[in-house]
Amino acid sequence: MKKTFSLVLVLCFFLEVFAQQGNNENSVLAVKNERLSLDKGWRFHPGDIPFPIIKGHNATYTSTKAARATGAAAPGYDDKSWRELDLPHDWAVEMPFDSTENLSQGYKQRGYGWYRRHFKLDNSDRGKHLELQFDGIATHATIWVNGTVVHRNWCGYTSSYIDVSPLVKYGDEINTIAIRVDAVAQEGWWYEGAGIYRHTWLVKRSPLHIITDGVYANPVKTASGSWEIPAEITLQNSGKGNVSNIEVEVSVFDKSGKQIAQNTNKTSVKLFDQAIASLSIPVSNPHLWSVDDPYLYTVETKVKQNGKLLDEATTKCGFRTIRFDKDTGFYLNDQPMKLKGTCNHIDHAGVGVAMPNSLWEFRLRKLKEMGSNAYRCAHNPPSREFLEACDSIGIMVMDENRNFNSSPEYIRQLQWLIQRDRNHPSVILWSVFNEEPMQGTEIGYEMVRRMSTEVKKLDTTRPVTAAMNGGLFSEINVSQAADVVGFNYQSYAYDDFRKANPHMCLTSSEDVSCVMQRGQYVTDHSKNLLDSYDTQHPDWGTTHRKSWKDINERPFLAGCFVWTGFDYKGEPTPFAWPTVSSNFGIMDLCGFPKSAYYIYQAFWLDRPILRLEPHWNWPADSIGKNIKVMAISNLDKVKLIVNGKTIAEENVDKYNFNSWDIPYQPGKLEAIGYRSGKEVIRTKVETTDEPVSIQLIADRSSIDGDGWDAMPITVQALDKKGRPVPTANMLIEFEVSGDGKLIGVGNGDPNSHELDKATTRSLYHGLAQAIIQSNENTNGNVIVTAKSKGLKSATISIPVRQVAQIPFVARVSPTLVLDKWLLSPSTTSRPDPNLKLSDNDMNSWEPIRNGQLQTLEKGKYQVYRSTFTPYKLQQTEGGRILFRNLTGKAEIWLNGQLIGTKDKAEASDFVAEFPPLAGDYQLNVLIEGNTGDKVGLGGMVSILDRAITSK
Ligand code: GAL
């Protein structure tokens, strides 16, 4: 008896081990992960496509089921005539300016739009974890995959990660993504663009994998002064059973690729669950990240089981400390540092919000050259690529949440932001809101308290701020729930607030709002014109010079965030139509510097800066009239020489600079700058001659041949001595050939209604910009030619560098595939092949998919039914129905007419032709065989155009 008992125990033990193995190691699929771009080959339909109104019991019943979406969301919808395009795409930027549209959105029509993309998956992808990623869609999006709604994203700035593993088809079958974009929805009072304006991806991973944004590896300095990376790796198991014995290995590499630290930990993940593997990686004497030396380390995370690699991820990190002090402001690596920041929206001339990655790099470089060290993402999460550029260029970021809302869906959006961005050394502040009417109330306070707590659950290393433009002195207000109080304007309250709240850390979160137009030196409200002398601002704002003085002289303020670094479409304050973009920028919409740019160079850079404003090309009737001349500098003394005569030699006013009224005579303005009594810099402005030629200046010496890299080209007109003419305004015509294309044009004029997507653009105060992009897989040249009537043309040839291509999901042209069938019960006597089902009968026929044969259980006949709407061309010209692997004898009936008979029982492909017809088609297939035979639709059934011959 005892023996039997122990035998049973041993047996149970073995069974248990066996079961565990069956569930675990044996079933763990290991695949190399892939992140494939889905940007190419979308079809786009501007405007909405209303869903059909469904009536009738059966149709209603069916339309409510998974994979049975209707209208343009249905896989079989005819999108053949839709425009084909590659992402990122902003349809609003393609629209003309329209005075009846919303000024906040740049007078551009937004509305609704639909996108569709078809793709195939290899049979070998079966079993992998498959995720679609949409980095940003403006503004509300509903996403279907193969006729099933998979996501609704109600924020234009947050990404969507969608597990589509159970829903997709493999082999010859076609998968269809359909997206309805609602850009009537507005989340901002600035230009937001419209459409799928950020990148899209298909990610393939092992079922046991690291989730998207699942590596948290952000170095911290411990209390004892040593450094470590407290890593948290979030794993997910979407395989076939629980998985144990998983090894997570995290290695850190320096810039030269040398491994400097490593650690491992073990974990297990239950089926359809997540687990976090935590481990700490000590790092000794790391090279610190700073704005001057943005040194990045690479973190490689590998997930293994018994030595077999299941998944891996590469992230970057930087070792740096940040600290806000209530009395002395901000510290980076324990060094006091004023935040010299700008606030910015996300659109650029020519491309709108569909920004190529390299334009971010261009913009950040311009800011850095100005002396800026910080950037506020106003008022929404930026793109992933933007933060990568900030990390490597060395710009600190206030990363901002869009929607102020503490309800579950919005907390989820906030969590997404923190989880995605918390490894970036550039990110130093989380901002939960901008100027919310409830900021001075208990409700606002309670909301921020909750949102801040959610942030802290995911990242305790950065403070939470909120950008307040009021409510600061209310008894209960959100400053009491923030770590750093953000002031939007209200410079009058800096001192009073500090006095009342000496324990709080403070920064300006938004300041200035001075308005100016590049190269414009006279303000004329009747013509919507603003001068560039730093004089014009709305009531709530101030000049650049006063604002910086206020902030610079208060050590307790961490720094400034000027509204704005760059102009943006919309918000044309202080004007309305015909002004279509903002005037706040330190640079214009193309990134061309306005006077303010030199003001900040003088404030923020140590090297000698000396800039004379304005140009010296005034019309003949200005001769003798006084013109204000401003010398912007960071020197001790400046001398102004006009046409060879010294006019002034003055000590420099550190904040206001020096200006003089000079009677205009064509010729030369010269300035000499002195430091400690020594000449350190000279500059001049000359009256030029008429323009005679065009000059093109490429931003970089080469472009990468990957189809993504883009580059702005500066366009200007030169006089006969080769001097740029600052007043030139002629129309320029562009031709781009070779290995690239023109993707947009601009000139920075907020009053211009010339199109962004065009092959011509006028110079505005001497400048225009053409943005070119390489073609994929090229290594030749992009040739850009600019012509203008009466001027010598210019041509430049930009070498295209051969680089690794961005792996992408192949384009598939749309094909109407019938994969939803109803199957009748089998009968011994021949049924009426066109037998109609009663409208309320949802149960006597069975819904099936083609591709699997059915056994004729009790009888000789079976009928398959499917309805479809042929593509428009097929309705007018007729078409063919191609049955792959049709098995059994068959009759093909369409709308009650016999269109094909297959006499042989063996499996074969079969084609039936149909004549032109409009509307919905009822297709019935009568199959005949013997009881026990396997018969039916053994393969794909597709509807082909008449012109296409079946293979
Ligand atoms: C602020 C706001 C910004 C912008 C700015 C213009 O109040 O936060 O988004 O509208 O005013 O001055």
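First listed ligand is number 1; within each ligand, the first listed atom is number 1. The structure presented is a predicted model; accordingly, all values stated were derived computationally and were not measured.
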Please report which non-hydrogen protein atom sits nearest to [atom], along with the residue it belongs to and the distance in Å to one decimal place.
atom                    : answer
atom 9 (O) of ligand 1  : His379 NE2, 2.6 Å
atom 10 (O) of ligand 1 : Glu571 OE2, 2.4 Å
atom 5 (C) of ligand 1  : Glu510 OE2, 3.3 Å

Between the side chains of [X] and [Y], is a donor N or O closer than 3.5 angstrom to an acceptor N or O?
X      : Y      : result
Glu510 : Tyr489 : yes
Asn747 : Arg518 : no
Asn583 : Gln517 : yes

Are any of the N/O atoms in Trp563 less than 3.5 Å from those in ligand 1? no

I'd like to check whether Trp540 has a polar contact with ligand 1, where a contact means an N/O of the residue lying under 3.5 Å from an N/O of the ligand. yes

Heavy-atom contacts with [X] under 4.0 Å: which atoms of ligand 1 show up? List them by number with element.
X      : answer
Asn434 : 8 (O)
Ser513 : 6 (C), 12 (O)
Phe584 : 6 (C), 12 (O)

What is the distance from atom OG1 of Thr460 to atom CZ of Arg422, rounded to the nearest 0.5 Å? 10.0 Å

Is Arg384 salt-bridged to Glu388, going by a charged N under 4.0 Å from an acidic O? no

Which one of Thr465, Val485, Leu429, Leu506 satisfies the side chain to side chain contact (heavy atoms under 4.5 Å, CB included) criterion with Phe324? Leu429

So which bit of Trp190 gets within less than 4.0 Å of ligand 1, heavy atoms only: side chain, backbone, both or neither? neither

Centre of Tyr533's six-membered ring, under 6.0 Å away, within 45 degrees of the axis: is that where NZ or CZ of Lys628 sits? yes

